[in-house]
Peer 1: 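Structure in structure tokens, see below.
For reference, positions follow the sequence shown, starting with 1.
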Amino acid sequence: MEKKKKVVIGMSGGVDSSVAAYLLKEQGYDVIGVTMQIWQEDNEYTEREGGCCSLSAVDDARRVANKIGIPFYVMNFRDSFKEKVIDYFVQEYIDGKTPNPCIACNKHLKFDELLRKAQGIGADYVATGHYAKIEKNEDGRYLLIRSDDDRKDQTYALYNFTQEQLAHTLMPCGEYTKDRIREIAKEIGLAVHNKKDSEEICFIPDNNHGRYISEARPLEVVPGNFVDKNGNVLGKHKGIVYYTIGQRKGLGLALGRPVFVTDINPRTNEVVIGPEEDIFKTDLVAKDVNFIPFDKLEEPITVEAKVRYSGRPAEAIISPLKDGKVKVSFKEKQRAITKGQSVVFYQGNVVVGGGIIAGII
């Protein structure tokens, strides 16, 4: 009799990873539930509901594991999370960029460190509740495919997969709609079936990233000037970490016309303000680029590209540059392309790859 494959599933206490664990068990896998301990203080977030790294999430995950009959453990990822996600997040904002901490967490923790720890205890796979699919093409290469539920597709945050990681990762929710996942949870008696999705940054309970960064690095968050593109001073800002490209609300400027953040200059500690047309651009340069269907971009190709998680893919040509960077040229202007965010490339439902936006041309 063939030995069942062992899989370690990251359980956040939410409905998606809970049902993913159940589906894998039903498929015959030997499933082990793990919650990644990433909160930074023992008393932190104890009262907080819903966040994927709160202590209440551990309790929810443990109850689900007991209900579906799988072993459950909490693994300590505290130091790695602080270095690879929190410190990175804070530094990027101080450098005038707008990072995506979930992408950093997926890249460095869930599909790198968690996978290594899982393999260290004899597991064949790691699994998560992400809405995405992994398929193998006729050449034997693994592909990342958009989820069947277009509204919930999470491939934007998953473009950093290597072939080795894809070969050892399972994402059972990708075959289902979110509504069906909730139905399954209810059918099998999981209390989390109607738990709301977490939409905030997990380590910032009040979702006020500016205040969080100011408290973490108080000497580096200082007031400066709002200026127009010619350098004329328009007012005072409270620190560049509070702002992002395209922002209109919360500027505290009364200029008699709608204005938007068009640029952030960490060197001069200035936030540039302008009309809405100034935040529409067609070209960008991406760094830290990863490709999935092939190893390296050898010549320009046409793709659809997204410059933010909630954005719509738009036609673009990506061209190789030196140092492994790529130039992305959109057919039509895109709103609020932002340094530090990711640009992700698609051809149909296949994720071609992606990278970090390093510059806007």
Peer 1: About how many Å separate CG of Asn106 and CZ of Phe111, when rounded to the nearest 0.5 Å?
Peer 2: 5.0 Å
Peer 1: Should Ile103 and Leu115 be regarded as members of a common hydrophobic cluster, given that ILVMFWY residues are connected when their side-chain heavy atoms come within less than 4.5 Å of each other, either directly or indirectly?
Peer 2: yes
Peer 1: Rounded at 0.5 Å granularity, tell me how far OG in Ser319 sits from CD in Glu299.
Peer 2: 10.0 Å
Peer 1: Less than 4.5 Å apart, any side-chain heavy atom of Leu158 and any of Val351?
Peer 2: no
Peer 1: Do Val58 and Phe72 have side-chain heavy atoms sitting under 4.5 Å apart?
Peer 2: yes
Peer 1: Below 4.5 Å, heavy atoms only, C-beta onward: do Phe345 and Val326 meet side chain to side chain?
Peer 2: yes
Peer 1: Between Met171 and Thr169, which heavy-atom pair has the shortest distance, and what is it?
Peer 2: CE-CG2, 4.0 Å
Peer 1: Decide side chain to side chain contact (heavy atoms under 4.5 Å, CB included) for Asp112 and Lys107; before the verdict, give the C-alpha distance in whole Å, the side-chain angles of both, and the deciding distance to 0.1 Å.
Peer 2: CA-CA 6 Å; Asp112 183 18; Lys107 178 179 179 178; over 6 Å; no
Peer 1: Of the non-hydrogen atoms in Val19 and Ile181, which two are nearest, and what is the gap between them?
Peer 2: CG2-O, 3.5 Å
Peer 1: Do you know which two heavy atoms are closest between Lys327 and Ile361, and how far apart they sit?
Peer 2: CE-CD1, 4.1 Å
Peer 1: Is there a path of hydrophobic side-chain contacts, each under 4.5 Å between heavy atoms of I/L/V/M/F/W/Y residues, joining Val352 to Ile357?
Peer 2: yes
Peer 1: For a quick test of reading the model, state the closest non-hydrogen atom pair linking Pro172 to Ala20 and the distance between them.
Peer 2: CG-CB, 3.6 Å
Peer 1: Looking only at side-chain N and O atoms, does Thr244 offer a donor or acceptor that is under 3.5 Å from a partner on Thr98?
Peer 2: yes
Peer 1: Do Val227 and Ile279 share a hydrophobic cluster, counting only Ile, Leu, Val, Met, Phe, Trp and Tyr and linking them when any side-chain heavy atoms are less than 4.5 Å apart?
Peer 2: no
Peer 1: Test side chain to side chain contact (heavy atoms under 4.5 Å, CB included) on Tyr309 and Val344 and set out the steps.
Peer 2: CA-CA 9 Å; Tyr309 188 91; Val344 180; over 6 Å; no
Peer 1: Just wondering, more than 12 heavy atoms not from Lys325 lying within 6.0 Å of its NZ?
Peer 2: no
Peer 1: So how far is it from Lys5 NZ to Tyr125 OH, rounded to the nearest 0.5 Å?
Peer 2: 5.0 Å
Peer 1: Between Gln347 (side chain only) and Glu304 (backbone N and O only), is there a donor and an acceptor less than 3.5 Å apart?
Peer 2: no
Peer 1: Please confirm whether Lys117 makes a cation-pi placement over Phe77, using NZ or CZ under 6.0 Å from the six-membered ring centre and within 45° of the ring normal.
Peer 2: yes
Peer 1: In this structure, are over 12 heavy atoms from other groups packed under 6.0 Å from Glu332 atom CD?
Peer 2: no
Peer 1: Suppose the criterion is salt bridge (charged side-chain N to carboxylate O under 4.0 Å, His left out): which pairs have a residue in residues 84-100, not counting sequence neighbours?
Peer 2: Lys82-Asp87, Glu92-Lys97
Peer 1: Are any of the side-chain heavy atoms of Arg62 and Met11 separated by less than 4.5 Å?
Peer 2: no
Peer 1: Under 3.5 Å, is there a donor-acceptor pair between the side chain of Arg146 and the main chain of Tyr346?
Peer 2: no
Peer 1: Roughly how far, to the nearest 0.5 Å, is CD1 of Ile32 from CE of Met75?
Peer 2: 7.5 Å
Peer 1: Checking His193 side chain against Glu187 main chain: does a donor-acceptor pair fall under 3.5 Å?
Peer 2: no
Peer 1: Test your reading of the model: is there a side-chain donor-acceptor pair from Asn225 to the backbone of Leu234, 3.5 Å cut-off?
Peer 2: no
Peer 1: Output the distance between atom CD1 (Ile201) and atom SG (Cys105), rounded to the nearest 0.5 Å.
Peer 2: 12.5 Å
Peer 1: Between Lys306 (side chain) and Tyr156 (backbone), is there a donor-acceptor pair under 3.5 Å?
Peer 2: no
Peer 1: Side chain of Arg151, backbone of Thr177: donor and acceptor closer than 3.5 Å?
Peer 2: no
Peer 1: Ignoring hydrogens, what is the shortest heavy-atom contact between Ala104 and Val85? Give both atom names and the distance.
Peer 2: C-CG2, 4.2 Å
Peer 1: Please name the residue in the list Ile213, Asn269, Ile240 that meets the side-chain contact (heavy atoms from CB on, under 4.5 Å) test with Val221.
Peer 2: Ile213
Peer 1: Would you say Val328 ends up clustered with Phe291 if hydrophobic residues are merged whenever their side chains have heavy atoms under 4.5 Å apart, either directly or through other cluster members?
Peer 2: yes
Peer 1: I'd like to check Ile134 versus Leu170 (side-chain heavy atoms, cut-off strictly below 4.5 Å). Are they in contact?
Peer 2: no
Peer 1: Any side-chain heavy-atom pair from Glu83 and Asp79 closer than 4.5 angstrom?
Peer 2: no
Peer 1: Are Ile245 and Val259 connected in the hydrophobic side-chain network, where two residues link if heavy atoms are under 4.5 Å apart?
Peer 2: yes
Peer 1: Any sub-3.5 Å donor-acceptor pair from Asn76's side-chain atoms to Arg78's backbone N or O?
Peer 2: yes
Peer 1: Quick one: pull up OH in Tyr131 and OH in Tyr176 and give me the separation to the nearest 0.5 Å.
Peer 2: 11.0 Å
Peer 1: Can you tell me if Phe294 has over 12 outside heavy atoms packed within less than 6.0 Å of its CZ?
Peer 2: yes
Peer 1: Please give me the minimum heavy-atom distance between Leu109 and Ser80, naming the atom from each residue.
Peer 2: CD1-O, 4.1 Å
Peer 1: Mind running side chain to side chain contact (heavy atoms under 4.5 Å, CB included) on Tyr22 and Val64 for me, showing each step along the way?
Peer 2: CA-CA 9 Å; Tyr22 165 78; Val64 168; over 6 Å; no
Peer 1: Would the distance check show the side chain of Asp206 and the main-chain N or O of Asn208 forming a donor-acceptor pair, the cut-off being under 3.5 Å?
Peer 2: yes
Peer 1: Tell me whether Glu183 is salt-bridged to Arg180, with the criterion being a basic N under 4.0 Å from an acidic carboxylate O.
Peer 2: yes
Peer 1: Indicate yes or no: at least one non-hydrogen side-chain atom of Ile360 is less than 4.5 angstrom from one of Asp283.
Peer 2: no
Peer 1: Quick one: does His130's side chain get under 4.5 Å of Asp16's, heavy atoms only?
Peer 2: no
Peer 1: Please report whether the ring centroid of Tyr243 lies less than 6.0 Å from that of Phe226.
Peer 2: yes
Peer 1: Could you tell me whether Arg63 and Asp60 make a salt bridge, using a distance below 4.0 angstrom between a side-chain N and a carboxylate O?
Peer 2: yes
Peer 1: Is the shortest distance from a Lys or Arg side-chain nitrogen in Asp149 or Lys178 to a carboxylate oxygen in the other one below 4.0 Å?
Peer 2: no
Peer 1: Which is it for Ile145 and Val350 under the side chain to side chain contact (heavy atoms under 4.5 Å, CB included) test, yes or no, and what are the steps along the way?
Peer 2: CA-CA 5 Å; Ile145 309 290; Val350 176; 3.7 Å; yes
Peer 1: Tell me if the centroids of the rings in Phe161 and Tyr142 come within less than 6.0 Å of each other.
Peer 2: no
